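Below you'll find the structure, written out as structure tokens, and then a few comments.
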There are 2 protein chains.
Amino acid sequence: MQEQLKLENQLCFRLYTASRLITQAYHPQLSGIGLTYPQYLVMMVLWEKDGQPVNDIARKLFLETNTVTPLLKRMEAEGFISRTKGQADARQVIVRLTSKGRALEKEAECIPYEVGKAVACRSITPESAPALYETLDDLIQTLSVGGR
Amino acid sequence: MQEQLKLENQLCFRLYTASRLITQAYHPQLSGIGLTYPQYLVMMVLWEKDGQPVNDIARKLFLETNTVTPLLKRMEAEGFISRTKGQADARQVIVRLTSKGRALEKEAECIPYEVGKAVACRSITPESAPALYETLDDLIQTLSVGGR
DNA sequence: TTGGTTTATATCGTTCACGATGCAAAGATA
DNA sequence: TATCTTTGCATCGTGAACGATATAAACCAA
């Protein structure tokens with residue numbers, strides 16, 4: 001068979017697997033505070049800047065609104081955020097943290113550190129991480145620009 | 001806010017995004033031959049070695065049977081594979097390529113090359129790729145061992 | 001103002017992922 | 001042999017992802 005069609009030769013499969021496994025590593029911590037991983041991403045976006053339209057959140061996460069909208073509705077049902085019509089532009093929906101959502105930041109602070117311990121593998125060190133990040137950022141840049 | 005809680009500081013978010021975007025890059029090619037990306041992974045496992053129990057396929061893809069079983073059923077419905085009870089061990093279900101599934105390999109041969117062109121980003125070169133693969137393999141190893 | 005286009009968000013259907021659980025075959029132990 | 005445990009696979013429910021499509025507001029040109 002073609003060498004190229006072997007699993008072990010494919011970048012995509014590695015990214016797919018690494019992504020799933022590291023997301024699983026977040027699960028125990030996140031379920032403790034009632035969030036899924038994608039919901040945690042949304043919270044990070046809002047903790048950094050509260051009160052953003054759906055589109056801004058989606059763009060920062062490289063997601064479409066048809067993924068983000070149901071996600072936000074579930075988060076609203078859980079009481080973490082509010083969704084209100086924009087007054088300047090009535091098409092927009094502005095997403096804001098509730099006090100419950102804002103309070104969660106303190107509880108989430110330790111999570112990157114906790115998960116970091118689980119992810120401590122010899123190939124990702126404080127010295128090598130920036131290069132890895134740059135490679136992945138480049139890849140994301142290439143793929144996201146190409147798709148638009 | 002905590003620096004650690006910023007999106008741009010997180011490895012997991014990069015892997016999650018890179019994985020989604022590169023999987024999207026496969027979509028045009030794969031939909032042309034009637035496969036989804038996870039189905040394509042299963043096909044690669046079978047092209048490499050036909051006639052494997054569900055468990056072996058799941059293990060090679062780092063997935064659980066509750067993900068793989070419905071996937072295989074859809075692939076059987078599409079006529080790419082067959083699922084038959086193992087005779088040595090009646091608990092097992094042996095998955096085999098149909099002639100249609102086997103024929104697909106030739107059509108899939110060009111896909112890694114085609115997608116590779118789209119993924120050509122300056123940070124992933126033939127020289128740097130092995131180091132990146134090793135880092136990701138290490139990470140996958142760390143995370144998959146920890147979870148068992 | 002009318003009519004056409006773009007923009008922002010939402011709805012729908014299908015396919016993963018995955019935790020929790022169920023069940024039957026195989027293997028182990030008393 | 002009778003029971004106990006493990007193994008292999010499946011079912012169920014929920015929450016993403018995402019392509020395709022819909023809807024209404026905003027914008028723009030005639």
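No experiment lies behind these values; they were computed from the predicted model shown. Below, all heavy atoms of this structure are taken into account, side chains as well, without hydrogens, waters or symmetry copies.
- Using a distance-only test at 3.5 Å, with no hydrogens or angles considered, no donor-acceptor pair links the side chain of A/K60 to the main chain of A/V42.
- Between the CG atom of A/L35 and the C1' atom of D/dG15 there is a distance of 13 Å, given to the nearest Å.
- Atom C1' of nucleotide D/dA17 and atom CG of A/L41 are separated by 13 Å, given to the nearest angstrom.
- Mapping heavy-atom proximity under 4.0 Å, the span of DNA chain C touched by chain A runs 5' to 3' from C/dT7 to C/dG19.
- Nearest-nucleotide assignment on DNA chain D puts the 5′-proximal partner with B/P53, out of A/R74 and B/P53.
- Comparing B/L72 and B/T23 against DNA chain D, the residue whose closest nucleotide sits nearer the 5' end is B/L72.
- Once rounded to the nearest 0.5 Å, the distance linking SG of B/C121 with CD of A/Q141 reads 10.0 Å.
- The main-chain N or O of B/M44 is never found under 3.5 Å from a side-chain atom of A/K6 such that the two would form a donor-acceptor pair.
- Phosphate proximity of D/dA17 to B/Y16: present, with a side-chain N or O under 4.0 Å from OP1 or OP2.
- How far OG of A/S31 is from OH of A/Y37: 15.0 Å, rounded to the nearest 0.5 Å.
- A straight line from CD of B/E64 to C1' of D/dT14 spans 17 Å, rounded to a whole angstrom.
- Residue B/M43 is not grouped with residue B/Y113 when hydrophobic side chains (ILVMFWY) are merged at heavy-atom distances under 4.5 angstrom, including chains of intermediate members.
- One interatomic measurement links the two molecules: CG of A/L61 to P of D/dG15, which rounds to 18 Å at whole-angstrom precision.
- Without hydrogens or angle criteria, A/T98 side chain to A/G101 main chain gives a donor-acceptor distance under 3.5 Å.
- Protein atom OH of A/Y26 is 16 Å distant from nucleotide atom P of D/dA16, rounded to whole Å.
- Counting any heavy atom pair closer than 4.0 Å across all strands shown, B/T67 reaches a base atom.
- In this structure, CH2 on B/W47 lies 11.5 Å from NZ on B/K106, to the nearest 0.5 angstrom.
- Straight-line distance from the CG atom of B/L30 to the P atom of D/dA17: 19 Å, rounded to whole Å.
- Position along DNA chain C of the nearest nucleotide to B/M75 versus A/H27 favours B/M75 as the more 5'-ward residue.
- Listed for the B/D50 side chain is a donor-acceptor partner under 3.5 Å among the backbone atoms of B/L97.
- At a threshold of 4.0 angstrom between heavy atoms, the contacts of A/N66 include nucleobase atoms, whether or not backbone atoms are also involved.
- Residues of residues 82-94 of chain B that place a heavy atom closer than 4.0 Å to DNA chain D, in numerical order, are B/R83, B/R91, B/Q92, B/V93.
- Taking atom NZ on A/K73 and atom P on D/dA16, their separation rounds to 14 Å, with Å as the unit.
- Whole-Å rounding puts the A/L63 CG to D/dG15 C1' distance at 13 Å.
- Remark: B/R20 qualifies as a cation-pi partner of B/Y16 under the 6.0 Å distance and 45° angle criteria applied to the six-membered ring.
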